[in-house]
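One structure is given below, encoded as structure tokens.
Residue numbering restarts at 1 for every chain, and letters A, B, ... go by the order of the sequence lines. Keep in mind that the numbers below use all heavy atoms, side chains included, and drop hydrogens, waters and symmetry copies.
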Amino acid sequence: MSVIEKELKIETKNDFIVEAKNLKKYFPIKGGVLKRTVGHVKAVDDITLSIIRGETLGVVGESGSGKSTLGRVILRLMEPTEGQILFENEDISRLSNRQLRPFRKDMQIVFQDPFASLNPKMNVQELIEEPLLVQTSLNKNERREKAISLLEKVGLRPDSRLKYPHEFSGGQRQRISIARALALNPKFIICDEPVSALDVSIQAQVLNLMADLQDEFNLTYLFIAHDLSVVKHISDRVAVMYLGRIAEIAPKKNLYETPLHPYTEALLSAVPSTDVLNKREKIILKGDLPSPSNPPSGCAFRTRCPKAHERCALERPELINVSEGHYVACHLYEQ
Amino acid sequence: MTQKTLLDVKGLKTYFYLEGKRVAKAVDGVNFSVNSGETVALVGESGSGKSITSLSIMKLIGKPGKIEEGQILFDGKDLVNFTDKQMTQVRGREIGMIFQEPMTALNPVFTIGNQITETLIRHKKVSKAEADKKAIDLLKLVGFPRAEETMKEYPHQLSGGMRQRAMIAIAISCDPKLLIADEPTTALDVTIQAQILDIMDAMKKKFNMAVLLITHDLGVVAEYADRVMVMYGGQIVEQTTVENLFLNPKHPYTNGLLESLPSLEKEVDRLGAIKGMVPAAHEFPAGCRFSDRCPHVMDKCRAANPELVTVESGHNVRCYLYE
């Protein structure tokens with residue numbers, strides 16, 4: 001499917017596969033001898049977003065921005081503190097583990113570190129058939145057939161079925177993780193930094209594979225990464241996170257060509273460019289990401305923002321709509 | 001401006017002797033030079049031999065590895081013949097180093113101040129008080145506004161970017177002529193990466209240091225280096241100026257790398273991936289080491305490894321397409 005076809009398809013129907021409404025995840029900080037709660041790390045702080053069926057929504061942010069926690073809360077791998085998660089219009093935020101089980105096969109996750117996410121004591125066949133054993137009634141032969149076809153889909157040789165994870169390179173291991181995620185024909189996959197541990201030539205192979213699989217199986221991706229170029233390549237829309245909140249969310253073209261939030265501008269300018277003839281002007285931000293346990297008052301970005309003014313310390317900006325599909329949380333764009 | 005050659009690496013071979021009489025030729029005949037005041041980048045993927053090259057220059061190769069052959073001329077002296085004792089006078093004083101992971105490079109049980117003054121007291125033979133004063137100046141230079149307090153802090157109290165700045169302060173404390181930076185920003189976020197590279201560039205200009213930058217990130221190379229060497233399979237496959245490399249890349253591997261890189265400037269439907277993966281150092285293919293993955297492979301590529309040849313002034317390529 002070409003990019004244009006895909007854009008058309010997404011624009012013509014607003015069919016949400018996943019919606020998060022006012023989602024919060026606070027981690028308590030325990031202190032003192034009695035281990036009382038003395039504060040909270042607001043990893044995800046009031047996030048509302050919708051993921052359209054068939055699209056790739058990219059989520060970018062620096063370490064500590066809460067992007068991985070967001071992914072985990074959406075899948076209910078972590079319990080939300082507050083808010084709702086709708087999967088195909090059904091509220092799954094309060095379901096018990098048993099009630100969740102039928103939804104589980106529709107949503108999968110691929111993690112960053114394929115060394116840590118694959119059990120070293122299981123061979124590839126066992127790794128891939130584990131979800132089939134839990135969720136389906138396929139017999140041994142059928143499971144073997146399925147594993148072979150999945151391995152072929154992700155570009156691995158069927159005879160690697162009986163090997164163990166340590167016998168593979170990082171890129172191959174990530175292919176195994178993808179095959180495992182695909183085993184139950186999911187509709188929605190969260191990809192949490194799936195290529196950041198890989199070399200560029202291998203990264204390109206895996207990104208191409210993910211794009212092909214998306215077309216073939218009509219998958220929806222939530223693609224979490226810190227690399228802005230990778231996210232631009234794979235996404236249809238992109239959300240920028242800062243300290244547990246969305247700073248800006250827009251269709252890819254708008255976000256990269258006309259970034260509005262000062263943080264997005266600074267992030268984009270900081271990406272080293274291979275264009276040796278036209279150097280970008282860099283906006284060098286001062287300091288580090290503040291601690292999410294004690295975020296600045298008002299706008300969390302104001303301590304590093306080159307355009308901060310008085311109001312930013314007093315009031316927290318809400319996401320406002322500035323143009324078709326383009327939302328930004330910054331006082332500069334309020335009327 | 002005539003530039004003086006500061007570092008001249010000639011025919012460097014560093015081999016690792018593995019079990020079963022296997023030999024990993026991690027660095028296999030590398031030639032390059034770095035002039036004073038210049039930033040030269042060594043770029044390559046994991047397993048290309050770029051880090052082993054930099055560790056060989058510092059003579060930090062431990063068993064089962066060994067510098068097998070070659071010369072490392074630094075300021076005219078051959079470091080290969082230096083004893084361990086002589087090397088301690090070079091490391092930290094004439095050549096500064098920054099590594100990828102500042103948490104493991106800094107000692108967790110000493111304060112930042114301790115670790116900077118240690119270098120100064122040892123190499124510059126200054127008093128404790130003088131060293132403290134110099135250390136505070138250095139910390140301010142690399143962007144610590146509360147330098148006096150930072151002196152008393154331990155590495156775990158600093159963020160990744162601050163640790164890397166502390167590492168830079170230590171590395172430049174004795175005014176080295178050469179700074180070796182091995183993936184200095186790989187573990188950092190992009191806004192922090194920009195800060196660190198900015199500081200490194202400012203320090204380089206202020207002290208007229210030469211920088212040998214080891215990285216896998218072609219964007220960092222394009223922004224900060226003057227000249228660049230692309231490494232593959234323990235050898236340099238292309239060597240030229242940064243402009244030439246990005247505007248006029250010659251080696252199929254360089255081309256493949258550039259096409260596999262997603263970029264903010266261009267929009268492509270599919271990335272041009274290189275098939276296969278980097279071979280391990282003890283199982284390079286016969287002939288050209290890139291032959292198994294190369295889209296232009298010819299019969300002779302599988303027979304013998306091509307030499308690095310000059311295709312135009314200052315542009316060397318190791319490929320039969322250009323012979």
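Ranked by heavy-atom pairs under 4.5 Å with chain A, the list B:Ser263, B:Gly47, B:Gly272 is led by B:Ser263. Comparing A:Asn278, A:Leu289, A:Leu285 by how many heavy-atom pairs each has under 4.5 Å with chain B, the most go to A:Leu285. Note: B:Asp198 leads B:Leu257, B:Leu188, B:Asp198, B:Leu197 in heavy-atom pairs under 4.5 Å with chain A. For the set A:Ala211, A:Ser273, A:Ser169, A:Ser63, the count of heavy-atom pairs under 4.5 angstrom toward chain B peaks at A:Ser273. Considering only heavy-atom pairs separated by less than 4.5 Å from chain A, the leading option among B:Gly143, B:Gly256, B:Ala194 is B:Ala194. Ranked by heavy-atom pairs under 4.5 Å with chain A, the list B:Gly219, B:Gly160, B:Ser159 is led by B:Gly219.
Taking a 6.0 Å sphere around NZ of A:Lys286, one finds it holds 12 or fewer heavy atoms contributed by other residues, nucleotides or ligands. By the neighbour-count criterion of 12 heavy atoms within 6.0 Å, atom CZ of A:Arg157 is sparsely surrounded, having that number or fewer from other residues, nucleotides or ligands. Within a 6.0 Å sphere centred on NZ of B:Lys206, heavy atoms belonging to other residues, nucleotides or ligands number 12 at most.
Looking only at side-chain heavy atoms (C-beta outward), B:Met277 and A:Gln172 come within less than 4.5 Å of each other. The closest side-chain heavy-atom distance from B:Gln193 to A:Pro272 is below 4.5 Å.
At a 4.5 Å heavy-atom cutoff, the contact between B:Leu264 and chain A is made by backbone and side-chain atoms alike. Contact annotation for A:Leu207: only side-chain heavy atoms (C-beta onward) come within less than 4.5 Å of a heavy atom of chain B. With a 4.5 Å cut-off on non-hydrogen atoms, A:Leu268 touches chain B through its backbone and its side chain both.
B:Leu247 CG to A:Leu277 CG: the interatomic distance, rounded to the nearest 0.5 Å, is 4.5 Å. For the atom pair A:Tyr256 OH and B:Glu265 CD, the distance stands at 12.0 Å (nearest 0.5 Å).
Remark: the backbone N or O of B:Val190 is not paired with any side-chain donor or acceptor of A:Glu62 at under 3.5 angstrom.
Within residues 219-233 of chain A, the residues that have a heavy atom under 4.5 Å from a heavy atom of chain B are A:Leu228, A:Ser229, A:Val230, A:Lys232, A:His233, listed by number. For a heavy-atom cut-off of 4.5 Å, chain B lies close to A:Asp199, A:Val200, A:Ser201, A:Ile202, A:Gln203 in residues 194-203 of chain A.
B:Ile192 approaches A:Gly287 most closely through the heavy-atom pair CD1-O, 3.7 Å. Shown here for A:Ile284 and B:Gln195, the closest heavy-atom pair between the two residues is CG2-CG, 3.8 Å.
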Can B:Glu267 and A:Lys253 be said to form a side-chain contact (heavy atoms from CB on, under 4.5 Å), step by step?
CA-CA 10 Å; B:Glu267 186 73 37; A:Lys253 199 171 178 305; over 6 Å; no

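With respect to the salt-bridge test (charged N to carboxylate O, under 4.0 angstrom), the residues A:Asp212 and B:Arg270 qualify. A:Lys282 has a carboxylate O that lies under 4.0 Å from a charged side-chain N of B:Glu223, or vice versa, which qualifies the two as a salt bridge.
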